[in-house]
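Predicted model only: the values in this text are computed from it and were never measured.
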Amino acid sequence: MTRSVAAHARRADALFVAVGKPRLIKADMVKPGAAVIDIGINPVIRADGVSLVVGDVDFEAVSHVAGWLTPVPGGDGPVTLAMLMRNTVFAARRQRQSMQAEHVGAITDVGVEITRRARP
């Protein structure tokens, strides 16, 4: 576990928070003007019984200090989705290239080409 989280956080120009503790990061833990990316998703129940999702950053307090702050929910989700789609396309291209490499052509001694699937 990191000792003196507040001291480390106050020095950061970019602070990525994924701890799993609701509203752990307070305004005094953030360097003025820093970019704060809140990745935490925590369900909490308010005193009036209403359930809501909050991040690991105290959004209301930190928004007055940070230069840029992602909201929860809805902050890093679009980026996560975009990266998931990018990686899916990348994986599909690699698989297609792999499949193309597995199919090899061979010339037999009688001059007939045979296409076979290479064994792994």
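- With sequence neighbours excluded, the residues that form a side-chain hydrogen bond (donor to acceptor under 3.5 Å, both in side chains) with Asp56 are Asn42.
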Determine whether Val30 and Val36 satisfy the following criterion, side-chain contact (heavy atoms from CB on, under 4.5 Å), listing intermediate values before the conclusion. CA-CA 8 Å; Val30 176; Val36 181; 3.8 Å; yes
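- Across Ala9 and Met29, no two heavy atoms sit closer than the pair CB-O, 3.1 Å.
- Hydrophobic cluster of Trp68: the remaining members, joined at side-chain heavy-atom separations below 4.5 Å, are Phe16, Ile37, Ile39, listed by chain and number.
- The CG atom of Asp58 sits 9.5 Å away from atom NE2 of His64, with the distance rounded to the nearest 0.5 Å.
- At least one side-chain heavy atom of Leu69 sits under 4.5 Å from a side-chain heavy atom of Phe59.
- When every heavy atom of Ala34 is checked against every heavy atom of Ala12, the shortest pair comes out as CB-O, 3.5 Å.
- Taking both residues in full, the closest heavy atoms of Arg10 and Lys31 are given as O-CB, 3.0 Å, listed atom of the first, atom of the second, then distance.
- In Leu84, the CG atom is crowded: over 12 heavy atoms of neighbouring residues, nucleotides or ligands sit closer than 6.0 Å.
- Residues Val54 and Arg23 are in side-chain contact: their nearest non-hydrogen atoms beyond the backbone lie under 4.5 Å apart.
- Formation of a donor-acceptor pair under 3.5 Å by the Asp38 side chain with backbone atoms of Val57 is found in this model.
- Annotation: the span from Met83 atom CE to Phe90 atom CZ amounts to 11.0 Å, rounded to 0.5 Å.
- No salt bridge links Lys26 with Asp28; every basic N to acidic carboxylate O contact stays at or beyond 4.0 Å.
- The side chain to side chain contact (heavy atoms under 4.5 Å, CB included) test with Val44 singles out one residue from Val53, Val50, Leu52, and that residue is Leu52.
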